[in-house]
Amino acid sequence: MRPALRRRLLLAAQSDALADFDGETWSTRCLHCRSALQLQANGEPLGTTTLEHVVPQAWFGKRAAASLTAQVGEDADDPRNLALACARCNHGKGKGHDARGPGDARAHEVVAALLATRLSRWRRPSALPAR
Ligand SMILES: [Zn+2]
């Protein structure tokens, strides 16, 4: 797995208030269905763990998504926009919204709710004990 992707997976775990690190493994819950997910200390995903961009990358720069992208600093890879999701939820959700775009009221509503969930689980990565 690419180092950049591992870094983003780790950042998603470190900034997730539900995530615990036992010295070897990160454990948290899927942003969507709350099923248990794990990540190795080096960011390598275990099981069905995937990286999710909460606001789809394709929405950045689009006026209809401005109220959402502003909440993550207009950067798709800002840790506030990164979350861990199980493969089933990630692949089930992403494509449809990406395709419909932020101008679709239902797609906008779903992503806004997801982002609210993500931000409610936010913690500063620097608040963690040193490893
Ligand atoms: Zn899930």
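Counting convention: from 1, in listed order, for ligands and their atoms alike. All heavy atoms count here, side chains included; hydrogens, waters and symmetry mates do not.
Between the side chain of R123 and the main chain of D16, a donor-acceptor pair closer than 3.5 Å is present. At least one donor-acceptor pair under 3.5 Å links the side chain of R6 to the backbone N or O of N42.
Under the side chain to side chain contact (heavy atoms under 4.5 Å, CB included) criterion, L5 pairs with M1, R2, L9, L51, not counting sequence neighbours. A search for side chain to side chain donor-acceptor pair (under 3.5 Å) contacts involving E109 returns R106, not counting sequence neighbours. With sequence neighbours excluded, the residues that form a side chain to side chain contact (heavy atoms under 4.5 Å, CB included) with A85 are C30, H32, T50, E52, N90.
Distances under 2.8 Å from the Zn ion (ligand 1) pick out the protein N/O/S atoms C30 SG, C33 SG, C86 SG, C89 SG.
Side chains of R88 and S35: a donor-acceptor N/O pair is absent below 3.5 angstrom, by distance only.
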